[in-house]
Amino acid sequence: MSLFVNVTLNGLANGMIFAALALALVLIFRATRIVNFAQGAMGMMTTFIASSLLGRGVGYWWAFLAVLVIGFVLGALVERVLIRPLQGKSELNPVIVTIGLLVVLEGLAGTIYGNSSRGFPAAYSQSGLTVGHTKIAFSHFDVFILVAVLVLMTGTLVLFRATSLGLRMRASAFAGEISRLLGVRVGVLLTLGWALAGVAGSLSGLLVAPTSSFGPYFMDLVLVYAFTAAVIGGLESPVGALIGGLITGLSISYVGGYLGSGLQPLGALVLLMVALMARPEGIFARPPARRV
Amino acid sequence: MLEIQGLSVSYGAVDALKSVTLSARPGAITAILGANGAGKTTLLRTISGLVKPRAGAVRFDGDELLGRAAEDIARLGVSHVPEGRGVIAELTVEDNLRLATLWCMGRRERQKAIEATFELFPRLSGFRRRHASTLSGGERQMLVLGRALISRPRLLLLDEPSLGLAPLVTAQLMALLRDHTQGTDLTVVLVEQNARSALSVSQDAVVLNLGEVVMSDEAAVIAADSGLRHHYLGF
Amino acid sequence: MTPPVPSGSWPRAPWVRRLRLPTQPLARHLVLALCGAAILYAVTSSLSPYNDFEVGEIALYVIALAGLSLLTGLNGQISLGHGAFMAVGAYSAALLMTHTHLNLLIELVAAIGAAGLLGLVIGIPATRLKGPYLAGMTLLLALALPPIADKWSTTFGGDQGLTTTVPSAPGSINPEEWLAWIQIVGALITLVLLANLLRSRYGRSFRAVRDDEIAASLAGIHVARTKVIAFVISAACAGLAGAFLGLSTGVVNTGEFPLTLSIQLLAAMVLGGTGTLMGMWWGAVLLVYLPQWSTSLSGDFNLGSGASAYLATIIFGVVLIVVMIAAPTGIQGGLRWAWRRVWSLRSGPGDGTPTVSRHPA
Ligand SMILES: Nc1ncnc2c1ncn2[C@@H]1O[C@H](COP(=O)(O)OP(=O)(O)OP(=O)(O)O)[C@@H](O)[C@H]1O
Ligand SMILES: [Mg+2]
């Protein structure tokens, strides 16, 4: 029983992190129909930058903030330099380019920061909280993960639902050409979407790093889990990303807890295949809009 | 005043427009007529910056439009209602309208303009918060027309607004267009398949065929030319 | 270095016509393969054993790349997980080698079959997926398979892996040359078979499905079946390549099949020329020699010992990005274009406009 509780709690925390990175994938996919396979590696890179900032004596929260800003800039840069030239070409081209970026970033991180995996500090204590007299597998840091991702999700929803910037972003994602005819600077907004995804990706890197073997490849698995989460959520909606993240996080945690951690990626693969077979456009995707 | 000179557009090997020269004056409706594939849609898309031409010039009130981005042309006061009803189906009716005002109005003015549009199309005011995907074809047409007018454009480009509308609704639409144009400085370019109703509402008309201007004159003159009518307009 | 060998040329280049090769595709491909074999025989017997080893590796990568090229370039499906199919082939062959004493041919067939079976499992859901979805699924596959071997380490040998044995060479041939020969023959047979397949009804339906699924199904092509077939063939090629890789390295362990292998395969395929078979020789040369070049390069720049692997990774990534943005037809596409240019200059205007064939990726 206590194994079940702990595995569930662990899955919850991981699920929230997957949701953050899935949100990044969703922000880009809904606007450009591209899955950014380099999103995890970009988060890896910014986390390495955070690590060297911390190594130079910068305070944790300053480094945290700086890296979110760097993620924003990196996202925008990637869109402008690498993705813009691919407009109007086959859908396989951006897949290949983002994969290329993924390995370039991993190679760069490996060259610059070396091979040996180093630790990355957590914002809060990672030892489990005590409820009653038992220690549970949920720490202060896990609470922070929960809060941080919920803030990110709420912020995104408020942006999209309640601001005119969000209205412009939604419009350019749904109907780029019509939006341009209405005076919306669609190009800038697409870049902004990538930049915001960069922030979400950076955040997920900062949240994963303390609990993983922090090295050039530490985001690889997180990316595919986030992809699974995003696909389950329909790849289009932030809420879907959250639900998908939790489903993926919990499933993987159960697989790890009861069958062994080596089977977790396989568990995710099965989950993804089931999700895709059940409904290729995602379980929580909206039915397609009526077009006249 | 919209002035187009020597405009040529090609899609690969297809020449869609061949050195087209025409003009449209403010306070009047200029109908663009012609068979399928004549190049009417291409003409409008080139004016609004969606298609890059091979050669030519497009001037509106002294500003050269060619070479500008579509969103910048829109911000000069050019409203283009594209072929096939460009509502954004995923947004609500009100958000469709709001989107068109974001670049030109403050919060208070925007609210007034939206209310004014709902007064113009009372039918729409009932479903402000409905997704545009749930509207009927005619309701969508009202929405895109309201959306095109809400930013108080100086040049209105309409691509087959009557497509799929009941004759009565088409007549209302044409009347509304006339009311909005007469005695104002709005320039309207109206692309229509339905030549008879377009000629009845417009002051000037241009007949395109295979990318070339066949004739351009006052609407009444063209309507009276039975040879032309027979040959290119089919009535 | 080994020159690219014109064994399975597809589609036929102008010079093929002038040489008056047999017009029947199978016969022509066989003749070309035999010529290739003769050249390679001359090359391998004059090279040192280590170079023979490299030629063999090139040949095995050509097999994997040709399968990938068929999948992506001719059928429009993408795989970021071909390393996983190679792993399945390698482990299947190695398991048979450790537990039984069968003939190498049977072990290779088993490798092909096992990888093809996994291709079937992945290929069936893939029929319903558009590009990015399939990419993500195969990426996950590449990450999901290796840990399985670690989990059942008694069966799969754990970190140590399984050892493989190359059948002893007949006569006085040295073992490296013998292995290189097995691999070259494997590559040539694969290329001939694939080249013929592409000239057949199947090849045409592969391309029809890539260009427009709806039109293809209206034309009576069974779209889902075609896509599954392409996936299975592609996976089977990777399986054979994996078994050969196991023979080359002498051991099969999970460290041989990281995610980067799958991505390097993709990069090599894209660089060689997506959709071509002959271009895969360029890609294979890159796969074999780039790690060496980057080792010497990182030595030149004093980047430290660990950096050379990362440098190779960076170069593969840059290749992917640059080719996709600047030259999506890859080396082979560029060569064809240049060839047509030269040819049209000689034969006067009106012939051979520099159009590059419609590119799917
Ligand atoms: N994107 C495109 N690519 C290639 N050819 C095009 C494209 N758009 C239009 N054309 C061609 O250009 C010509 C003019 O097309 P256009 O859409 O301007 O005609 P139209 O007068 O609006 O016709 P309709 O009354 O049917 O709407 C046609 O021959 C058409 O096939
Ligand atoms: Mg038209």
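These figures come from a predicted structure and were not determined experimentally. Chain A is the first sequence line, chain B the second, and so forth, proteins listed ahead of strands; every chain is numbered from 1.
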Can you tell me how far apart CZ (C:Phe316) and CG (C:Leu311) are? Round to the nearest 0.5 Å.
11.0 Å

CA sep, side-chain torsions, deciding dist, call: C:Thr329, C:Arg336, side-chain contact (heavy atoms from CB on, under 4.5 Å):
CA-CA 10 Å; C:Thr329 56; C:Arg336 278 189 194 163; over 6 Å; no

Here the gap from C:Thr127 atom OG1 to A:Met277 atom CE, rounded to the nearest 0.5 Å, amounts to 7.5 Å

Looking at C:Gln77 and C:Lys227, would you say the former's side chain and the latter's main chain have a donor-acceptor pair under 3.5 Å?
yes

Which region of A:Thr228, side chain (C-beta onward) or backbone (N, CA, C, O), has a non-hydrogen atom less than 4.5 Å from a non-hydrogen atom of chain C, or is it both or neither?
side chain

Taken to the nearest 0.5 Å, the spacing of A:Arg84 CZ from A:Glu79 CD works out to 4.0 Å

In Å and rounded to the nearest 0.5 Å, what is the OG to CG distance from C:Ser69 to C:Asn75?
11.5 Å

Taking the six-membered ring for Trp, are C:Phe257 and C:Tyr91 parallel (under 30°), tilted (30 to 60°) or perpendicular (over 60°)?
tilted

For A:Leu223, is it the side chain, the backbone, both or neither that has a heavy atom under 4.5 Å from a heavy atom of chain C?
side chain

N/O donor-acceptor pair under 3.5 Å between A:Thr32 side chain and A:Phe29 backbone
no

Gap between atom OG of C:Ser79 and atom CG of C:Leu265 - 0.5 Å precision:
8.5 Å

Ranked by heavy-atom pairs below 4.5 Å to chain A, first place among C:Val318, C:Leu134, C:Leu140 goes to C:Leu140

If one checks every heavy atom of A:Leu272 against chain C at 4.5 Å, the contacting part turns out to be side chain

Taking every non-hydrogen pair under 4.5 Å, which of C:Leu141, C:Thr313, C:Leu266 racks up the most with chain A?
C:Thr313

Most heavy-atom pairs under 4.5 angstrom with chain A, which of C:Pro258, C:Ala126, C:Pro125?
C:Pro125

Can you tell me how far apart CD (A:Gln264) and CG (A:Leu271) are? Round to the nearest 0.5 Å.
12.5 Å

Highest number of heavy-atom pairs under 4.5 Å with chain A among C:Val270, C:Leu320, C:Val322 belongs to C:Leu320

I need the residue from A:Leu86, A:Thr98, A:Val35, A:Leu263 with the largest number of non-hydrogen atom pairs under 4.5 Å to chain C.
A:Leu263

Give, as side chain, backbone, both or neither, the part of A:Leu102 having an atom under 4.5 angstrom from any heavy atom of chain C.
side chain

Contacts satisfying ring-ring contact (aromatic ring centres under 6.0 Å, His included) that involve residues 224-251 of chain A (not counting sequence neighbours) are A:Phe18-A:Tyr225, A:Phe37-A:Phe227

Is chain A contacted by the side chain of C:Ala135, its backbone, both, or neither, given a heavy-atom distance below 4.5 Å?
both

Is it the side chain or the backbone of A:Leu259 that comes within 4.5 Å of chain C heavy atoms, both, or neither?
backbone

With chain A as the partner chain, list the residues of residues 143-157 of chain C whose heavy atoms fall under 4.5 Å from it, by residue number, and write 'none' if nothing qualifies.
C:Leu143, C:Ala144, C:Pro147, C:Ile148, C:Lys151, C:Trp152

